[in-house]
Participant: 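My structure is below; once you've seen it, I'll send some questions.
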Amino acid sequence: MSMPLPEAHSAFEAVRQERIESLNLDVQEFRHRETGAVHYHLAANNSENVFLVALRTVPEDSTGVAHILEHTALCGSERYPVRDPFFMMLRRSLNTFMNAFTSSDWTAYPFASQNRKDFNNLLEVYLDAVFFSRLDPLDFAQEGHRVEFKEPDNPDSELVFKGVVFNEMKGAMSSIPSVLWGKLCEHLFPTTTYHYNSGGEPEHIPDLSYDQLVAFYRSHYHPSNAIFMTFGDISAAEHQAVFEQRALQRFERQALRIEVPPEQRLDAPLRVEESYACDESGDLANRTHLVIGWMLGESSNLEQMLEAQLLASVLLENSASPLQHLLETSPLGQSPSPLCGLEDSMRELVFVCGLEGSEAAHADELERQVLAVIAGVAENGISQERLHAVLHQLELHQREVSGDGYPYGLHLILQALGCATHYSDPLAVLNLDPVIESLRQRIEDPDYIKRLARELLLDNQHRVTLVMTPDRELSAQKLARESERLASIKAAMDETEKAATVKLAADLVARQQQVDDESILPKVELADVPAALPELAYREYDSGPLHLTSYGQGTNGLVYQQVIAPLPQLGAEQRELLPLYTSFMTELGINDASYLDVQHRQSAEVGSINAFTSMRGNAENEQDITANFVLSSKALQRNASQQTRLMVDTLLGVRFDESDRLRELVSQQRARREQSVTGNGHGLAMAAACAGMSPLARLNHQLSGLAGLRSLRQLDDSLADPGAARQFSECLAALHQQLCTMPRQLLTIAEPDALADIVETTSHIWGEHSAGDGSRFSLDAVRERRNEFWVTNTQVNFCARAYPSVPVRHPDAAALTVLGGFLRNGFLHRAIREQGGAYGGGASQDSGVAAFRFYSYRDPRLADTLADFDAAVAWLIEAQHEPRALEESILGVIGSLDKPSSPAGEAKQHFHNRLFGRTHAQREEFRQRILEVSLADLRRVAETYLRPELASTAVVSNRSQLDSSGDLVAALALEVQTL
């Protein structure tokens with residue numbers, strides 16, 4: 001709906017304003033008169049204001065220039081000439097989000113805050129960082145790449161490559177899906193920027209010179225190439241006054257138009273064979289990835305994008321979709337490829353399907369079967385019921401107020417950014433209702449989906465089939481090439497160049513050790529912290545057979561429901577089944593309906609339905625565990641009664657006799673878990689290090705940690721035996737029967753004016769089904785040291801060290817929580833990231849399992865990082881510390897405690913906190929304790945809990961690192977574990 005033009009600052013011209021009812025906001029577009037910079041403001045009644053400035057960045061090689069620039073731009077600017085303003089502001093802020101992203105064709109700098117003073121502080125720092133960055137050569141050396149002698153002051157020692165992005169990308173390219181996607185794009189896009197790795201290929205990153213970085217900055221980081229986006233209750237004109245004063249008034253229009261040209265179309269499908277590094281032991285059979293990718297139309301053309309989304313959903317949305325069904329049940333591979341789906345983040349859309357766990361010899365047959373499925377859709381179409389279900393999912397996605405991961409406003413901004421990047425209309429992408437309605441009319445034509453299948457896929461010659469096989473020699477070959485390159489560089493060095501290399505290392509250390517004048521940066525203080533957290537209102541109903549709690553929240557027409565039951569007492573083998581039981585419950589048949597019928601029903605009636613367990617240690621005793629089962633769903637308000645009936649049928653009618661389906665699900669779960677190791681290596685290392693601290697910590701490691709992955713692999717291999725598969729089905733059914741004997745209660749969250757009717761309907765439907773009572777879940781107490789070295793398929797290390805600590809109600813929990821940020825800010829960030837070259841490192845208290853953990857992420861070092869963990873404790877106890885450093889750590893904790901969620905997410909969190917005995921009053925008490933922590937408290941808890949004899953250590957690394965770390969493994973008595 002078009003509206004009168006909004007008010008703009010005099011330096012900006014208002015272009016238009018539109019109301020989007022489904023999102024409850026006004027979208028306003030402005031243009032800067034002098035530079036042409038665009039500003040899109042999403043005006044909403046929301047105090048969590050969001051800012052983002054994006055630059056179109058179009059690299060023409062794989063040196064990672066855009067990615068390294070993103071890092072380096074945040075290392076000091078004209079008004080804030082300190083070496084690390086970004087990380088300093090993280091500590092001086094109450095932000096709810098603060099980061100920077102490099103995509104394939106844009107770089108963005110977003111933040112969010114609920115505090116107006118804090119928002120203004122961050123805005124000034126971000127504008128200066130983006131448009132007036134210093135780009136110090138030492139920062140390029142630290143964040144990008146450099147050569148350094150292994151002994152920095154000894155030119156006779158060998159050379160090594162160092163740099164944060166260099167090591168980050170070594171870790172990223174340990175991820176097989178990342179390698180797979182990169183190789184596919186390399187061939188799908190032979191001539192445009194997507195041919196290259198925008199993050200940087202480790203072998204090419206050292207090719208980038210400092211002068212090239214500066215030239216890229218000058219051409220790309222200009223307001224004429226910038227897109228400003230904001231969300232919240234601060235007016236656009238107020239934002240624009242700051243944009244103009246702090247940045248834009250100093251620029252003139254730049255003639256250079258930076259854009260991605262259309263890709264040249266292939267005139268025939270392409271078959272490509274590549275390999276990936278496989279460093280694990282064991283058979284290489286069935287480890288090949290087969291992927292088929294098509295380039296479709298323009299992502300910025302809303303009609304083309306939604307048609308592609310419609311077709312992709314028809315083919316792949318769930319197990320009942322024809323192509324997804326083929327891939328899940330195919331004997332040609334283990335499971336569908338992690339790349340399956342539609343990628344709409346680049347100029348041109350890419351549709352991908354394929355298998356992992358296959359063999360190169362199966363490529364022809366897979367290609368034939370995939371094309372046959374698509375041909376079937378092109379010839380026979382899809383039922384109207386199925387098409388309406390797909391549109392139902394699009395509508396629900398459009399309406400949902402998210403915000404449990406990214407802030408809601410940032411989610412909307414990122415949704416619109418792609419179109420803006422390609423000089424198209426981002427408003428249309430936000431206002432999908434008219435297009436969904438148009439699609440609803442078009443699908444009434446039975447030939448419509450047939451035509452899409454034929455035109456977008458069958459007759460589309462721009463298709464690449466990628467066969468990627470495992471190669472045990474590849475890692476060694478890459479290391480050999482790197483060593484040869486370093487040896488060549490050293491051989492060509494004269495004495496002057498060697499001295500310069502030694503000096504660079506020394507200068508960098510000196511810069512990293514220098515104490516900057518932080519007073520030049522703006523800050524918030526403890527006085528700016530809100531006095532208390534708002535309490536959510538709720539109602540409880542006991543008139544029906546089941547206790548029901550309701551929350552009236554602004555859900556934009558969605559209903560969220562949960563049924564909750566305490567977990568029954570389970571044996572050790574049953575506990576191992578828990579994550580599989582909850583994952584599979586909503587993927588199976590119900591009563592007489594097969595899993596395929598149920599998938600259709602779910603898609604038509606709800607937005608999602610899933611089961612999970614929720615466990616916490618007692619707030620006063622971590623050895624005492626409370627555990628609940630939760631079945632959760634969301635739906636459009638008009639479908640609330642169908643939603644409830646689906647939940648009842650799922651809980652009471654789920655069947656575990658579809659053995660083939662169970663084998664497929666186990667195989668898929670295994671594949672997903674294996675692919676996630678390199679992205680969450682630090683979390684897995686911490687879980688292993690904490691496994692002896694409490695019963696819940698041990699269970700986490702056994703179920704969702706590396707020990708759980710190893711058990712899952714063994715289970716998957718065993719299910720080839722029909723007898724084992726039948727026994728597995730029976731065990732899941734027995735577990736379910738035990739759960740069904742436990743008492744249940746309900747949670748309902750909806751718009752306030754709809755709540756009464758929904759509660760009445762829900763109570764009536766569930767009232768027909770009661771439950772008994774049984775013995776409650778418990779675990780044996782545990783408190784022991786563990787030291788492990790896990791060998792996995794990664795080029796970098798993940799290190800963790802943990803100490804047993806205290807649960808949340810213990811008086812020391814607050815000081816330990818503040819201590820994590822204090823150690824990260826004051827010591828670990830500099831030692832592990834800046835000097836050590838890891839992508840990240842830090843420390844945190846986990847009161848849920850009563851453990852204090854140190855960690856590093858994508859780390860080139862191992863022994864030195866573990867030594868840094870110990871050195872951090874010594875630094876805390878022995879050095880003098882400024883009160884401001886303590887205040888910054890407290891602010892960080894308060895910011896995380898006060899961080900808003902989505903309306904539904906806040907209600908769920910409030911309900912489950914109460915369920916576990918974490919009342920609002922207790923959370924307020926903990927928050928107050930955080931505000932009262934002193935430096936003396938930090939020293940005291942460090943001396944009490946972080947003692948060497950209490951430490952447990954875990955490392956996630958690779959075989960070659962194990963082979964070269966024998967002394968460390970022996971000294972720490974690390975038990976070697978393999979997957």
Participant: Heavy atoms, side chains only, cut-off 4.5 Å: are Arg440 and His388 in contact?
Facilitator: yes
Participant: As a quick check of understanding, evaluate side chain to side chain donor-acceptor pair (under 3.5 Å) for Asn628 and Arg616, giving each step before the final call.
Facilitator: CA-CA 9 Å; Asn628 293 319; Arg616 296 192 200 179; over 6 Å; no
Participant: Could you state the interatomic distance from CD1 (Ile894) to CD (Gln928), rounded to the nearest 0.5 Å?
Facilitator: 8.5 Å
Participant: For Glu437, does the CD atom sit with more than 12 other heavy atoms under 6.0 Å from it, leaving out its own atoms?
Facilitator: yes
Participant: If you apply the rule side-chain contact (heavy atoms from CB on, under 4.5 Å), what do you find for Val606 with Lys634, and how did you get there?
Facilitator: CA-CA 6 Å; Val606 298; Lys634 65 185 176 190; over 6 Å; no
Participant: Look at atom CG of Asn45 and say whether more than 12 heavy atoms of other residues, nucleotides or ligands are closer to it than 6.0 Å.
Facilitator: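 Atom CG in Asn45 is not crowded, with 12 or fewer foreign heavy atoms closer than 6.0 Å.
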Participant: Could you go step by step and tell me if Asn46 and Asp233 meet the side chain to side chain donor-acceptor pair (under 3.5 Å) rule?
Facilitator: CA-CA 6 Å; Asn46 192 320; Asp233 60 8; over 6 Å; no
Participant: Do the side chain of Asp445 and the main chain of Asp447 share a donor and acceptor less than 3.5 angstrom apart?
Facilitator: yes
Participant: Cut-off 3.5 Å, side chains only: do Ser319 and Arg661 have a donor facing an acceptor?
Facilitator: yes
Participant: Between Asn24 and Arg399, do the side chains contain an N or O donor and an N or O acceptor separated by less than 3.5 Å?
Facilitator: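 No, because no side-chain N or O of Asn24 sits under 3.5 Å from a partner of the opposite role on Arg399.
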Participant: On the 0 to 90° scale, with breaks at 30° and 60°, tag the His397-His411 ring pair as parallel, tilted or perpendicular.
Facilitator: perpendicular
Participant: Quick one, Ser633 and Leu646 - any side-chain contact, counting heavy atoms below 4.5 Å?
Facilitator: no
Participant: Can Arg672 and Gln669 be counted as having a side-chain donor-acceptor contact under 3.5 angstrom?
Facilitator: yes
Participant: Are the side chains of Arg19 and Asn431 in contact, using a 4.5 Å heavy-atom criterion?
Facilitator: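 No. Closest side-chain heavy atoms not under 4.5 Å.
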Participant: Between the side chains of Glu18 and Gln28, is a donor N or O closer than 3.5 angstrom to an acceptor N or O?
Facilitator: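 Gln28 and Glu18 do not have a side-chain donor-acceptor pair below 3.5 Å.
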Participant: Strictly under 6.0 Å, is that where the ring centroids of Phe656 and His736 end up?
Facilitator: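 Under 6.0 Å, so yes.
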Participant: In a table with atom names and distances, give each donor-acceptor pair under 3.5 Å that connects a side chain of residues 746-754 to protein atoms at least two apart or in another chain.
Facilitator:
from   : atom 1 : to     : atom 2 : distance (Å)
Glu751 : OE2    : Thr555 : N      : 3.3
Glu751 : OE2    : Asn556 : N      : 2.5
Glu751 : OE2    : Gly557 : N      : 3.1

Participant: Does a donor on one side chain and an acceptor on the other come within less than 3.5 Å for Tyr448 and Glu307?
Facilitator: yes
Participant: Give the C-alpha distance, both sets of side-chain angles, the deciding distance and a yes or no for side chain to side chain donor-acceptor pair (under 3.5 Å) between His764 and Glu760.
Facilitator: CA-CA 6 Å; His764 173 72; Glu760 182 179 352; over 6 Å; no
Participant: Compute whether any side-chain donor of one residue and acceptor of the other, for His600 and Glu385, lie under 3.5 angstrom apart.
Facilitator: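 Glu385 and His600 do not have a side-chain donor-acceptor pair below 3.5 Å.
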Participant: How long is the straight-line distance from OG of Ser603 back to CD of Gln393, given to the nearest 0.5 Å?
Facilitator: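 Taking CD in Gln393 and OG in Ser603, the distance rounds to 4.5 Å.
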Participant: Quick one: does any side-chain atom of Arg923 pair with a main-chain N or O of Arg918 as donor and acceptor, under 3.5 Å?
Facilitator: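 Side chain of Arg923 to backbone of Arg918, a donor-acceptor pair under 3.5 Å: yes, one is there.
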Participant: Indicate, with yes or no, if the rings of Phe231 and His239 have centres closer together than 6.0 Å.
Facilitator: no
Participant: Between Gln324 and Glu328, do the side chains contain an N or O donor and an N or O acceptor separated by less than 3.5 Å?
Facilitator: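 A pair is found: one side chain offers a donor N or O, the other an acceptor, under 3.5 Å apart.
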Participant: Do you see a donor-acceptor pair shorter than 3.5 Å between the side chains of Glu658 and Ser594?
Facilitator: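 The criterion, which ignores hydrogens and geometry beyond distance, is not satisfied for Ser594 and Glu658.
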Participant: In chain order, what residues pass the side-chain contact (heavy atoms from CB on, under 4.5 Å) check against Ala312, with sequence neighbours excluded?
Facilitator: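 For Ala312, the residues satisfying side-chain contact (heavy atoms from CB on, under 4.5 Å) (neighbours in sequence not counted) are Leu342, Phe351.
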Participant: Which pair of non-hydrogen atoms, one from Ser22 and one from Asp433, has the smallest distance, and what is that distance?
Facilitator: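 Closest approach of Ser22 to Asp433: CB-OD2, 3.3 Å.
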Participant: Taking side chain as C-beta onward, heavy atoms only, is Gln561 less than 4.5 Å from Thr762?
Facilitator: yes
Participant: Does the side chain of Leu662 reach to within under 4.5 Å of the side chain of Val666, using non-hydrogen atoms?
Facilitator: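 A side-chain contact under 4.5 Å is absent here.
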Participant: For Arg927 versus Pro530, what's the shortest heavy-atom pair and its separation?
Facilitator: NH2-O, 2.9 Å
Participant: Supply the atom-to-atom distance Glu303 CD to Leu439 CG, rounded to the nearest 0.5 angstrom.
Facilitator: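 Taking CD in Glu303 and CG in Leu439, the distance rounds to 8.0 Å.
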Participant: Looking only at heavy atoms, what is the nearest atom pair of Leu739 and Pro568, with distance?
Facilitator: CD1-CD, 3.9 Å
Participant: For Thr329 and Glu664, what are the C-alpha separation, side-chain angles and deciding distance, and is it a side chain to side chain donor-acceptor pair (under 3.5 Å)?
Facilitator: CA-CA 7 Å; Thr329 60; Glu664 292 160 11; 5.1 Å; no
Participant: Given the rule in the ring-ring contact (aromatic ring centres under 6.0 Å, His included) test, do Phe97 and Phe111 qualify, once you have shown the distances and angles that lead to the verdict?
Facilitator: CA-CA 5 Å; Phe97 186 88; Phe111 70 82; 9.6 Å; no
Participant: Does a donor on one side chain sit under 3.5 Å from an acceptor on the other, for Glu7 and Ser235?
Facilitator: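 No pair is found: no donor N or O on one side chain lies under 3.5 Å from an acceptor on the other.
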Participant: Report yes if the side chains of Met615 and Thr626 come closer than 4.5 Å at any heavy-atom pair, otherwise no.
Facilitator: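 No - every pair of side-chain heavy atoms lies 4.5 Å or more apart.
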Participant: Is the closest side-chain donor-acceptor distance between Asp118 and Asn95 under 3.5 Å?
Facilitator: no
Participant: Would you mind reporting whether Val563 and Trp766 have side-chain heavy atoms less than 4.5 Å apart?
Facilitator: yes
Participant: I would like to know whether Tyr595 and Val654 meet side-chain contact (heavy atoms from CB on, under 4.5 Å); could you show each step before the answer?
Facilitator: CA-CA 9 Å; Tyr595 78 91; Val654 62; over 6 Å; no
Participant: Would you say that Val27 contacts Gln17 through its side chain, given a criterion of any heavy-atom pair below 4.5 Å between the two side chains?
Facilitator: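 Not in contact.
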Participant: Side chains of Ser345 and Glu343: any donor to acceptor distance under 3.5 Å?
Facilitator: yes
Participant: Can you confirm whether the side chains of Glu906 and Ser901 place a donor and an acceptor under 3.5 Å from each other?
Facilitator: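 Short answer, no.
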Participant: With sequence neighbours left out, which residue pairs that include part of residues 550-570 fulfil the ring pair (Phe, Tyr, Trp, His ring centres under 6.0 Å) condition?
Facilitator: Tyr538-Tyr551, Tyr551-His910
Participant: How long is the straight-line distance from CZ of Phe612 back to CZ of Phe629, given to the nearest 0.5 Å?
Facilitator: 9.0 Å
